[in-house]
Protein chains: 2
Amino acid sequence: MKKNTSLEKRKTFRHGDLRNALVTAGLEMARAGGPNAVILREATRQAGVAPNAAYRHFAGQAELLDAVRAACLSRVAAAIEDEMKKNKAGRNPQAFARKSLHAVGMGYLGFAMREPGMFRTAFSVPPPVHSPDPAHTASMGLNPFQLLSLALDRMQESGLLNRKDRKGAEYLAWSTVHGLALLALEGPLHKMPREMVLALGERLVVMVERGLS
Amino acid sequence: MKKNTSLEKRKTFRHGDLRNALVTAGLEMARAGGPNAVILREATRQAGVAPNAAYRHFAGQAELLDAVRAACLSRVAAAIEDEMKKNKAGRNPQAFARKSLHAVGMGYLGFAMREPGMFRTAFSVPPPVHSPDPAHTASMGLNPFQLLSLALDRMQESGLLNRKDRKGAEYLAWSTVHGLALLALEGPLHKMPREMVLALGERLVVMVERGLS
DNA sequence: GGGCAATTGTGGACAGTGTTCACTTTTCGG
DNA sequence: CCGAAAAGTGAACACTGTCCACAATTGCCC
């Protein structure tokens, strides 16, 4: 299967891997300019193919965007996992639980600062939340939401959170970091330096940890 | 000044209030479909005017959208003010401070649920945060950010918040409600019923109140 | 008042977008 | 091996934002 990634004019009539090529091109556009920048015709151009060819693989631009978004979500999950891998479960479960929650929050925010376009794309349009769809997940097989749930479970199991407060805590924790990320990316805080945003993020995660229980 | 609001074919060559008509039309489009739905040509159509006429009042679509966003922000501020007016300063400053913070958060969220399109438009593109621009404000002359600051000041003055924790608290509090609003509007939580979102909002505000100090 | 310039609108055009239809080329399975 | 399904092409349409030259209107200044 020839990975006809870019311009090199193919001699074969078939492309071989068009769908993937389109998603890749779209991903690059999303990275550079967010969801609004993922243009169908441009993707076909980069793949060296006629605009209509895209319709053999996607029902329309919206569906292409959907695929690109899934890819972006996967990157977010990977970033969180990387952050979580930095600390292993030691003999203190409470400390581990706290570190996990911290890693989720900061991994999320860190990715948002590093890859604004992808981040904005990942959350631009409603994806289902409970989906074992492998496209949304990273190596661990969990999407960002599930990674957060995992961290909160650790909080509960280690006694930092009682059952009542645990319920729906995902949404509360998620709201905070997501809100800061968007305020910093496309909201009134977009001129705030990244380091300051991340510093605010630290305070935010602490606030969540204290406020949840 | 003839408020040539809509289709009724004017007989005068001049429109009389085109700029306003365009913003109004744009506002309605934003209300119905968010920022991406505010189309310049459509606005001119509704105003009964040639597309190019818009360029006498706005440098381009982006500038029209800017005006529409300012109008939306003003609505957000108005919603918060309405919520704040529901409780007056009694003899217990701490209770008043708490109620103020609560009102800001829930007024914000409530508007987001009631007018998703306008809300999304209001925060779609970076507006400056510290701006006494009257277009961004409601009757009280404060924008949402300033209203939040006011509520937090009351928290500090009544002894619920020390000076150190007060610093930057706006951003922390704002992040939480903004995040929930966006998750519920165009994020993974978009299918969650409004009442449940608002219930989560209540918990969120409580969490902020507890977590800030 | 009368004329002239700035303002505000018009008409026509261009490039770029998503999308559809009819058609051609290639692949692959019975 | 051949015929149907898959995958790409070409031309067209409607829509968008934007620019140009030009026409109507207003209002200001002498």
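Within every chain, numbering begins at 1; the chains are lettered A, B, ... in the order of the sequence lines, protein sequences first and strands thereafter.
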**Asked** Rounded to the nearest 0.5 Å, how far apart are CE of A:Met84 and CG of A:Leu150?
**Response** 4.5 Å
**Prompt:** Is there any salt bridge (Lys or Arg N to Asp or Glu O under 4.0 Å) pair reaching into residues 143-155 of chain A, and which pairs are they, with sequence neighbours excluded?
**Reply:** A:Asp153-A:Arg166
**Prompt:** What residues, two or more places apart in sequence or in another chain, satisfy salt bridge (Lys or Arg N to Asp or Glu O under 4.0 Å) together with A:Arg203?
**Reply:** none
**Asked** How long is the line joining CG of B:Leu22 and P of C:dT8, in whole Å?
**Response** 13 Å
**Prompt:** Roughly how many Å is it from CD in B:Glu63 to C1' in D:dG17, rounded to a whole number?
**Reply:** 14 Å
Under-3.5 Å N/O pairs linking protein and nucleotides 20-22 of chain C:
unit_1: C:dT20; atom_1: O4; unit_2: A:Asn52; atom_2: ND2; d: 3.4

**Request:** Specify the residues of residues 29-44 of chain A, ordered by number, for which at least one heavy atom lies under 4.0 angstrom from an atom of DNA chain C.
**Result:** A:Ile39, A:Leu40, A:Arg41
**Message:** Expressed as a whole number of angstroms, how long is the span from A:Phe58:CZ to D:dA6:C1'?
**Reply:** 16 Å
**Rounded distance [0.5 Å steps], CG in A:Leu152 versus NZ in A:Lys167** = 15.0 Å
**Prompt:** So which nucleotide from D:dT9, C:dT10, C:dT19 ends up closest to the side chain of A:Val49?
**Reply:** D:dT9
**Asked** Between atom CG in A:Asp17 and atom C1' in D:dA7, what is the gap in whole Å?
**Response** 13 Å
**Prompt:** Please, which pairs that meet side chain to side chain donor-acceptor pair (under 3.5 Å) have at least one residue in residues 106-119 of chain B, sequence neighbours excluded?
**Reply:** B:Arg31-B:Glu115, B:Tyr108-B:Trp174, B:Tyr108-B:His178
**Message:** With a sphere of 6.0 Å drawn around CZ of A:Arg210, does it hold more than 12 non-hydrogen atoms of other residues, nucleotides or ligands?
**Reply:** yes
**Request:** Output, in order, the C-alpha distance, side-chain angles, deciding distance and verdict of side chain to side chain contact (heavy atoms under 4.5 Å, CB included) for A:Leu212 and A:Asp165.
**Result:** CA-CA 7 Å; A:Leu212 272 183; A:Asp165 292 330; 5.8 Å; no
**Prompt:** Is A:Arg120 atom CZ crowded by more than 12 heavy atoms from other residues, nucleotides or ligands, each under 6.0 Å away?
**Reply:** yes
**Complete:** Whole-Å distance, A:Gln61 CD to D:dA14 P, equals 21 Å
**Asked** Does B:Glu202 have any salt bridge (Lys or Arg N to Asp or Glu O under 4.0 Å) partners at least two apart in sequence or in another chain, and if so, which?
**Response** none
**Request:** Report yes if at least one side-chain N or O of A:Arg45 is closer than 4.0 Å to OP1 or OP2 of C:dT17; otherwise report no.
**Result:** yes
**Item:** Interatomic distance where CG belongs to A:Leu64 and P belongs to C:dT19 [whole Å]
**Value:** 10 Å
**Request:** Let me know the distance between CG of B:Leu18 and P of D:dT25, rounded to the nearest Å.
**Result:** 16 Å
**Prompt:** B:His57 side chain N/O closer than 4.0 Å to the phosphate oxygens (OP1, OP2) of C:dG9?
**Reply:** yes
